[in-house]
Novice: 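Take a look at the following structure, please.
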Amino acid sequence: MNRYCVTIRRVILDLSGKFALFFLIFLFLFSPPVYPNEPVVIVSDDEGNPVFTVSILIPGRVVTDPQGNVLSVIIPLKKVGRLLLLEAIIDGKIGNFILDTGSTSLVLNETYFRDYVPINDVEGGGITGSTGSAYRVRIKNLKLSDLNYDNLFAEVTNLGHIENRRGVQLFGLFGMNLIKNMEIMIDSRNSELQLHKLDKAGNRLKPPTSKIIYDITGRVDEHGNMISVAVEVGEKNLDFCLDTGAESNVLDISSPQKVLSTVTILRRSSLQGSGSGSNEVLLGEISDIRIQGKNIGKMNVILTNLSGLSQKYGYPINGMLGYDFFEKGKIFINLTKHELGIILNKEVSL
């Protein structure tokens, strides 16, 4: 009997040891990350302008060379409705930035940055007109995984209406000027943003392991931090902007009749942009939109007046490629080489 009890005790101790080891491994692998908790500090530069020392961290996975130099950063994306979000940590709090290639700068939500002292006022603008009052500030540091940005200018405005509409904590808009010098790959389907550092010729510092074969290629240009792409609609050559912050594709309602005739109108709707205003628009379906002669495929589109947005960019645009376009596949953007590449999802390959 005693020998039997000793055997049972040994089995229990052995299982307890294995459980303890498993528990330690579990804690190591799945313990929650510890985020920096640095308060906002306001100082002044040599000219007396306010500079805000705030830790803005956007986590990601890093690819480095043998010397530890950053070559690429892979950032996970989240989808809320028809928006692509980057998770960020500010002052120990977790929130989100909208990935917005249509934004000309970093934009901060006044709800969380109301204590910032403005350098000067600016007038925001968007697809539905003015976004209301905004002001410009300086941010001392922003960290995009292992990529550091110092002495940034940012605009502060009220984005509470987007938070309320989508039910998500929103720190601001992550604009194109922060990543335009890298090759960008946006994979909406797999919720991933890749940023690849380039040499002076526009080639990746770390070339891909195999040649990338695109289904569609085109040319992209930059106009005031707005990315434009040449498209053909109804045998007309048009300039569209690439806008990951746009929840729908958009076509200027003042386009030539030959262009408008390619759209099948479905219904009237209400459009709300980054501002608090809204416009009544026409919702339709477009089936003949091409890049370098290749049809992108059928997509929903909104018809509205884009004159205000053209004025904001300082460049006339005929439309916007938004969420529906980025859902088509993997989108590659290299502004240094003026190249656009698209690898279509298999179910929409042409």
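One-based numbering along the sequence shown.
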Novice: Given E247, which partner from the list R82, R165, K79 fulfils the salt bridge (charged side-chain N to carboxylate O under 4.0 Å, His left out) test?
Specialist: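 Exactly one candidate clears the test, R165.
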Novice: Less than 4.5 Å apart, side chain to side chain, heavy atoms only: is that true for F97 and N109?
Specialist: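 The answer is no, as the side chains (C-beta and beyond) never meet within the 4.5 Å cut-off.
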Novice: Show your working on side chain to side chain contact (heavy atoms under 4.5 Å, CB included) between I216 and Q292 and close with a plain yes or no.
Specialist: CA-CA 8 Å; I216 299 175; Q292 292 291 310; 5.6 Å; no
Novice: Tell me the closest heavy-atom pair linking L71 and T64, and the distance in Å.
Specialist: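 Heavy atoms only, the tightest pair is CD1-C, 3.7 Å.
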Novice: Nearest heavy-atom pair of P316 and S310: which atoms, and what distance?
Specialist: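 Heavy atoms only, the tightest pair is CA-OG, 3.7 Å.
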Novice: Does one hydrophobic cluster hold both V63 and V73, with members joined at side-chain heavy-atom distances below 4.5 Å?
Specialist: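 No: no chain of side-chain contacts under 4.5 Å links V63 to V73.
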Novice: Taking all non-hydrogen atoms of both residues into account, name the closest pair between N318 and S255 and its distance.
Specialist: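 Heavy atoms only, the tightest pair is O-OG, 4.2 Å.
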Novice: Any side-chain heavy atom of F240 within less than 4.5 Å of one from I289?
Specialist: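 A side-chain contact exists here, since the closest heavy-atom pair is under 4.5 Å.
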Novice: Are V281 and L303 close enough that some pair of their side-chain heavy atoms sits under 4.5 Å apart?
Specialist: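 V281 vs L303: side chains apart.
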Novice: Look up atom CG in L205 and atom NE2 in H196, then write down how far apart they are to the nearest 0.5 Å.
Specialist: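 Atom-to-atom, L205:CG and H196:NE2 are 11.0 Å apart.
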Novice: Is it the case that E327 and S188 place a side-chain donor and acceptor less than 3.5 Å from each other?
Specialist: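 S188 and E327 do have a side-chain donor-acceptor pair below 3.5 Å.
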Novice: Can you get from I227 to M185 by hopping between Ile, Leu, Val, Met, Phe, Trp and Tyr side chains that sit under 4.5 Å apart?
Specialist: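 Not linked; separate clusters.
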Novice: Counting only N and O atoms by type, is there a donor-acceptor contact under 3.5 Å from the side chain of N300 to the main-chain atoms of E285?
Specialist: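 Here the side-chain-to-backbone pair does not exist.
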Novice: Are more than 12 heavy atoms from other residues, nucleotides or ligands located less than 6.0 Å from atom CZ of R219?
Specialist: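 Enclosed.
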Novice: Less than 3.5 Å apart, any donor N or O on the side chain of N334 or E183 sitting next to an acceptor on the other?
Specialist: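 Checked: N334/E183 side chains pair up, N/O donor to acceptor below 3.5 Å.
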Novice: Using modelled atom types only, decide if a donor and an acceptor are shared between the side chain of N164 and the backbone of G160 within a distance under 3.5 Å.
Specialist: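 At least one qualifying donor-acceptor pair exists.
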Novice: Taking the side chain as every heavy atom from C-beta outward, state whether M182 and L147 have any atom pair closer than 4.5 Å.
Specialist: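 A side-chain contact under 4.5 Å exists here.
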Novice: Which pair of heavy atoms, one from K258 and one from T262, lies closest together, and at what distance?
Specialist: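 Minimum heavy-atom separation between K258 and T262: O-CG2, 3.6 Å.
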Novice: Between V301 and V263, which heavy-atom pair has the shortest distance, and what is it?
Specialist: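 Distance-wise, the nearest heavy atoms are CG1-CG1, 3.9 Å.
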Novice: Hey, does the side chain of N237 reach the backbone of A230 with a donor-acceptor pair shorter than 3.5 angstrom?
Specialist: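 Not confirmed, N237 side chain does not pair with A230 backbone.
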Novice: Taking E232 for the side chain and G293 for the main chain, is one N or O donor matched with an acceptor at less than 3.5 Å?
Specialist: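 At least one qualifying donor-acceptor pair exists.
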Novice: Are more than 12 heavy atoms from other residues, nucleotides or ligands located less than 6.0 Å from atom NZ of K78?
Specialist: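 Yes, enclosed.
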Novice: Can you tell which of V107, L144, I75 makes a side-chain contact (heavy atoms from CB on, under 4.5 Å) with F174?
Specialist: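 Looking at V107, L144, I75, the match for F174 under the side-chain contact (heavy atoms from CB on, under 4.5 Å) is L144.
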Novice: Please examine the side chains of Y112 and I90, heavy atoms only from C-beta on, and report whether any two atoms are closer than 4.5 Å.
Specialist: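 The answer is no; the side chains never approach within 4.5 Å.
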Novice: Is a donor on one side and an acceptor on the other found under 3.5 Å between the side chain of T101 and the backbone of T244?
Specialist: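 Checking the backbone N and O of T244 against the side chain of T101, a donor-acceptor pair under 3.5 Å is found.
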Novice: Test of understanding: with ring-ring contact (aromatic ring centres under 6.0 Å, His included), list the residues that count as partners of Y323, not counting sequence neighbours.
Specialist: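 Partners of Y323 by the ring-ring contact (aromatic ring centres under 6.0 Å, His included) criterion come out as none, since no residue qualifies.
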Novice: Measuring from atom CG of D221 to atom CG of D239, what distance do you get when rounded to the nearest 0.5 angstrom?
Specialist: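 Spacing of CG (D221) from CG (D239) equals 8.0 Å.
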Novice: Could you see if F326 belongs to whatever hydrophobic cluster contains I212? Use Ile, Leu, Val, Met, Phe, Trp, Tyr and a side-chain cutoff under 4.5 Å.
Specialist: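 Each belongs to a different hydrophobic cluster.
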Novice: So, the side chain of N249 versus the backbone of G322: is there a donor-acceptor pair under 3.5 Å, distance only?
Specialist: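 Yes: the side chain of N249 pairs with the backbone of G322.
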Novice: Nearest 0.5 Å, please: how far is CG in L195 from CD1 in I184?
Specialist: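 Going from CD1 on I184 over to CG on L195, the span is 6.5 Å.
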Novice: Could you grab the distance from atom OG of S228 to atom NE2 of H338, nearest 0.5 Å is fine?
Specialist: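 Separation between the atoms: 10.0 Å.
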Novice: Where does the angle between the aromatic ring planes of F113 and F171 fall among parallel (under 30°), tilted (30 to 60°) and perpendicular (over 60°)?
Specialist: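 Rings of F113 and F171: perpendicular, over 60°.
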Novice: Tell me, with the steps shown, if V229 and V220 meet side chain to side chain contact (heavy atoms under 4.5 Å, CB included).
Specialist: CA-CA 5 Å; V229 57; V220 289; 4.3 Å; yes
Novice: One pair to check against side chain to side chain contact (heavy atoms under 4.5 Å, CB included): K328 and M299. What are the steps and the verdict?
Specialist: CA-CA 9 Å; K328 288 289 184 180; M299 295 185 292; 3.4 Å; yes
Novice: Is any NZ, NE, NH1 or NH2 atom of the basic residue among D288 and R290 found under 4.0 Å from an Asp or Glu carboxylate oxygen of the other?
Specialist: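 Salt bridge flag = yes for R290 with D288.
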Novice: Sort out for me which residue in I302, I253, T304 forms a side-chain contact (heavy atoms from CB on, under 4.5 Å) with L282.
Specialist: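 When I302, I253, T304 are each tested with L282, the side-chain contact (heavy atoms from CB on, under 4.5 Å) holds only for I253.
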Novice: Measure the CG-CD1 distance between L335 and I179 for me, rounded to the nearest 0.5 Å.
Specialist: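 Result: 9.5 Å between the selected atoms.
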Novice: In the structure I gave you, are the side-chain heavy atoms of L85 and L77 within less than 4.5 Å of one another anywhere?
Specialist: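 No; the side chains remain at least 4.5 Å from each other.
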Novice: Looking at D187 and K330, would you say the former's side chain and the latter's main chain have a donor-acceptor pair under 3.5 Å?
Specialist: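 Looks like no, no N/O pair under 3.5 Å.
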Novice: So do Y149 and I139 actually touch side chain to side chain, heavy atoms under 4.5 Å?
Specialist: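 When only atoms from C-beta onward are counted, Y149 and I139 do not touch, as no gap falls below 4.5 Å.
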Novice: How far apart are the closest heavy atoms of C241 and I317, and which atoms are they?
Specialist: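 Heavy atoms only, the tightest pair is SG-CD1, 4.0 Å.
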Novice: Does K236 have more than 12 heavy atoms from other residues, nucleotides or ligands lying within 6.0 Å of its NZ?
Specialist: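 At most 12 heavy atoms, drawn from other residues, nucleotides or ligands, come within 6.0 Å of this atom.
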Novice: Main chain of G60, side chain of S145: is a donor-acceptor contact present, judged purely on distance under 3.5 Å?
Specialist: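 Such a contact is found between S145 side chain and G60 backbone.
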Novice: Linking I/L/V/M/F/W/Y whenever their side-chain heavy atoms sit closer than 4.5 Å, directly or via other members, would I74 and I343 fall into one cluster?
Specialist: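 No; I343 is not reachable from I74 via cluster members.
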Novice: Rounded at 0.5 Å granularity, tell me how far CG in L193 sits from CD1 in I186.
Specialist: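 If we round to the nearest 0.5 Å, L193:CG and I186:CD1 are 6.0 Å apart.
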Novice: Could you walk me through whether E110 and T157 pass the side chain to side chain contact (heavy atoms under 4.5 Å, CB included) test, one step at a time?
Specialist: CA-CA 5 Å; E110 190 176 31; T157 192; 5.9 Å; no
Novice: Say whether L198 and I331 are linked into one hydrophobic cluster, either directly or through other cluster members, by side-chain heavy-atom distances under 4.5 angstrom.
Specialist: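 No: no chain of side-chain contacts under 4.5 Å links L198 to I331.
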Novice: Do any N or O atoms from the side chain of N96 and from the backbone of L170 form a donor-acceptor pair under 3.5 angstrom?
Specialist: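 No; zero donor-acceptor contacts below 3.5 Å.
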Novice: Spell out, as yes or no, whether a donor-acceptor pair under 3.5 Å connects the side chain of Y313 to the backbone of M226.
Specialist: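 No, because the side chain of Y313 does not come within donor-acceptor range (under 3.5 Å) of the backbone of M226.
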Novice: Are any of the side-chain heavy atoms of M320 and L309 separated by less than 4.5 Å?
Specialist: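 Of all side-chain heavy-atom pairs linking L309 with M320, at least one is under 4.5 Å.
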